[in-house]
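The block underneath contains the structure these notes are about, expressed in structure tokens.
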Amino acid sequence: MSTISSQVSLPVSPALQDRLNRRLVLLMGLPALDAQRRALHREPGLPDEAVRELARQVREKKRPPDGEAIAQTLAKLSEQIERVEKRKNADLQERDQMLRALRIGHRQATVIARHAELTSFILSESLELVADEPLLGAFRKHGVEADDLFAWTVYGKALDGFDHALQKRIEQSDDVQRGKLLALHEAVAWERRLFETIRTEAFWRCYEHAAALLVSSQLEEMVKPYVRCFLRHAHVIHAPWMIDEDVSHRCLEDCDQPVVEYDGVTRRLPVFFADEYIDLAAWGYITPSPDEDLELNGRNTETWKIDRLRRRWIHGQHTLATLQQRRSEILSQIAQLEENNQTTEQEARQIDRHDPQYHQVRQRARDHVQSNKVTIARLRRALVIIDKNKVPAVEENIREAREKLDAMRFQARPELLARNEARAIRRMCRLCAHLHEPFLPAQAAEAAWKDFGYLNDRDIVTEVAGDIERRDPGIFQWILAHSKKMENRVHVRQAPYLLIVPGSGQMALSINPRTGTEVGRLVAPQWNQRRDALPAMMCQAMADFRFDTSRNSGGVDWMHSDTLASSYATERWNYRKRSKDRRDKAGIDIHQTDRVNFRRHYQAYLDSADEGGRKLFYKCPEIYEAFLKFMMLPVGVLRCKKA
């Protein structure tokens with residue numbers, strides 16, 4: 001057995017290494033065909049038929065067909081060559097150009113066909129290295145076709161090791177050898193691009209099956225940690241040559257622990273990994289992910305109605321639990337205030353009447369007691385709102401949704417719901433990566449070797465999101481009892497779900513705001529593309545959540561509502577008549593949307609929130625005033641004022 005140099009040595013058989021070399025040699029011939037194609041395309045008088053053939057070859061090279069399709073292409077090209085050769089009255093130049101175009105296509109198709117012939121052997125040889133993987137055994141036992149995923153993962157690792165060794169040779173080679181080695185390096189890159197889509201599709205196909213297995217009763221306890229690790233961290237292979245043993249052991253041990261519990265009461269921001277998110281959504285503990293296809297193409301269908309009713313039912317239970325928790329907090333607060341009043345009055349009665357400060361102390365005590373009584377009255381009014389308005393309405397929504405679901409004879413199928421969530425997680429991973437879709441298992445193995453600052457675990461994400469909420473205390477709250485003064489309002493905290501998806505990226509997302517039957521949904525990638533990028537990413541996601549929640553609370557005509565989004569949009573619109581220098585100083589770009597501008601000003605506000613938002617105050621005082629009309633400053637911080 002020979003080895004290919006990589007971060008961890010991967011044992012590769014001589015037969016597999018030979019097939020790898022042969023595939024690369026075949027690909028090294030494609031640049032010469034590209035040069036012939038470009039030269040032919042520059043010739044004057046090239047017939048349209050030849051132009052179309054050359055364009056077809058370029059498309060074929062970008063997306064090579066499979067073995068059966070390429071065999072049909074070869075047969076078709078051979079027939080076309082024979083037919084063109086038999087043309088008697090054709091223009092000789094056009095006939096020669098068409099023949100050359102067809103022969104280039106025939107040689108390219110031959111290369112692709114020979115390249116495809118080696119695929120089956122490569123996959124079978126690669127599978128021998130992972131025959132004892134527990135996850136592969138579990139997939140096979142439950143009828144999941146996962147051989148391609150494991151084989152392509154092994155082959156990709158072998159190719160990475162080959163490329164790593166090749167780069168070292170390029171650095172040490174002279175100018176004569178460098179050209180050939182660079183051509184081989186380009187062939188490696190081309191080979192990786194050829195199967196990248198194939199193995200990515202294989203991964204997400206298995207991801208759906210794994211999600212369904214997780215919520216089924218068929219999965220054995222011994223393999224559950226491996227399935228959870230696959231869903232949570234995208235770890236496919238746990239061999240030492242793929243991932244460090246310590247990292248693998250730590251991940252499996254973490255996935256073997258009890259899953260985070262969620263009862264709908266959000267005392268802190270609920271942060272879920274993908275496997276936990278799938279599990280909770282499939283069993284109805286959290287609302288399912290938004291389904292744009294169902295909303296756009298399936299409105300008024302039975303599936304659409306069931307989806308909306310389930311969301312109403314689940315959200316109603318969450319809201320009811322939150323209101324009950326808030327009711328307990330208000331009762332506790334009232335009891336504390338009443339006890340404080342009794343203590344204050346008792347202390348005031350004990351003051352000697354002949355004390356020079358007697359009247360001042362008694363007046364302060366009366367003012368303090370009166371202030372507490374006003375607060376108690378305000379809290380009791382909030383209790384009336386909860387008991388008389390909110391709770392009955394929520395209970396009625398829950399009852400109505402349950403009755404309609406029963407009338408439709410709906411029975412939740414966790415496996416189907418889990419598959420839907422797996423597809424939603426794929427969309428979220430693509431969005432975090434700016435619509436790119438790299439092969440996640442390869443990124444997971446690479447991320448395991450990176451320093452601290454690239455990985456986002458639950459504690460780090462919770463800490464970053466908690467710090468943002470500390471600087472913007474009202475971001476996850478809605479008003480229960482209104483009052484003209486901000487400090488006199490009674491709020492209810494209802495935090496959104498925060499999902500850590502098994503992907504890399506430079507974006508965190510606000511998938512949907514708090515509105516209707518949703519508490520909101522935030523997404524953060526598990527691996528950063530840049531070191532310590534999470535705070536900036538989360539700030540952008542929180543800004544979108546803030547803006548979209550405010551806009552949705554304003555209804556259809558939100559521009560004329562009394563909301564943060566409306567107030568901000570008005571101030572930004574008023575700046576259109578200002579000079580460009582003044583707009584630049586205020587950080588306002590009239591060519592960008594309200595949302596993009598809001599992110600910039602929200603970041604400026606958070607950067608100096610502990611100083612009253614000083615940075616935003618000096619940048620644009622009008623927007624600062626619009627912010628503080630609807631946003632609370634951190635506890636103990638005073639707002640900025642002009643001197």
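No hydrogens, no waters, no symmetry mates; every other heavy atom, side chains included, goes into these values.
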Worksheet item: Side chains of Q363 and R366: donor-acceptor distance under 3.5 Å anywhere?
Response: yes
Fill in: Smallest separation among heavy atoms of A211 and L231, with atom names
N-CD2, 3.9 Å
Discussion item. For R299, is there an ion pair with E295 - N to carboxylate O distance below 4.0 angstrom?
Written reply: yes
Practice prompt. With ring pair (Phe, Tyr, Trp, His ring centres under 6.0 Å) as the test, would you mind laying out the steps for H233 and H235 before giving the verdict?
Written response: CA-CA 5 Å; H233 303 300; H235 289 164; 5.6 Å; yes
Fill in: Rounded distance [0.5 Å steps], CD in Q506 versus CZ in R530
5.0 Å
Worksheet item: Below 4.0 angstrom, N of the basic side chain to O of the carboxylate: do D548 and R514 qualify?
Response: no
Discussion item. Using the rule given for ring pair (Phe, Tyr, Trp, His ring centres under 6.0 Å), can you reason through H601 versus Y568, listing the C-alpha separation, both sets of side-chain angles and the distance that settles it, and then say yes or no?
Written reply: CA-CA 10 Å; H601 293 109; Y568 177 81; 5.7 Å; yes
Worksheet item: At what distance, to the nearest 0.5 angstrom, does CD of E329 lie from CG of L379?
Response: 11.5 Å
Worksheet item: Per the salt bridge (Lys or Arg N to Asp or Glu O under 4.0 Å) rule, which among R583, R578, K629 passes with E622?
Response: R578
Item to complete: Go through the side-chain N and O atoms of Q443 and W527 and say whether any donor and acceptor fall under 3.5 Å apart.
Response: no
Discussion item. Regarding N372 and N340, do their side chains bring together a donor and an acceptor under 3.5 Å, going by distance alone?
Written reply: yes
Worksheet item: So, R228 and D254, do they make that salt bridge, N to O below 4.0 Å?
Response: no
Worksheet item: With the threshold set at 4.0 Å, does a side-chain nitrogen-carboxylate oxygen contact exist between R639 and E625?
Response: yes
Worksheet item: Can a donor-acceptor pair be found between the side chains of E276 and Y262 at a distance below 3.5 Å?
Response: no
Worksheet item: Do E201 and R426 meet the salt-bridge criterion of a basic N to acidic O distance under 4.0 Å?
Response: yes
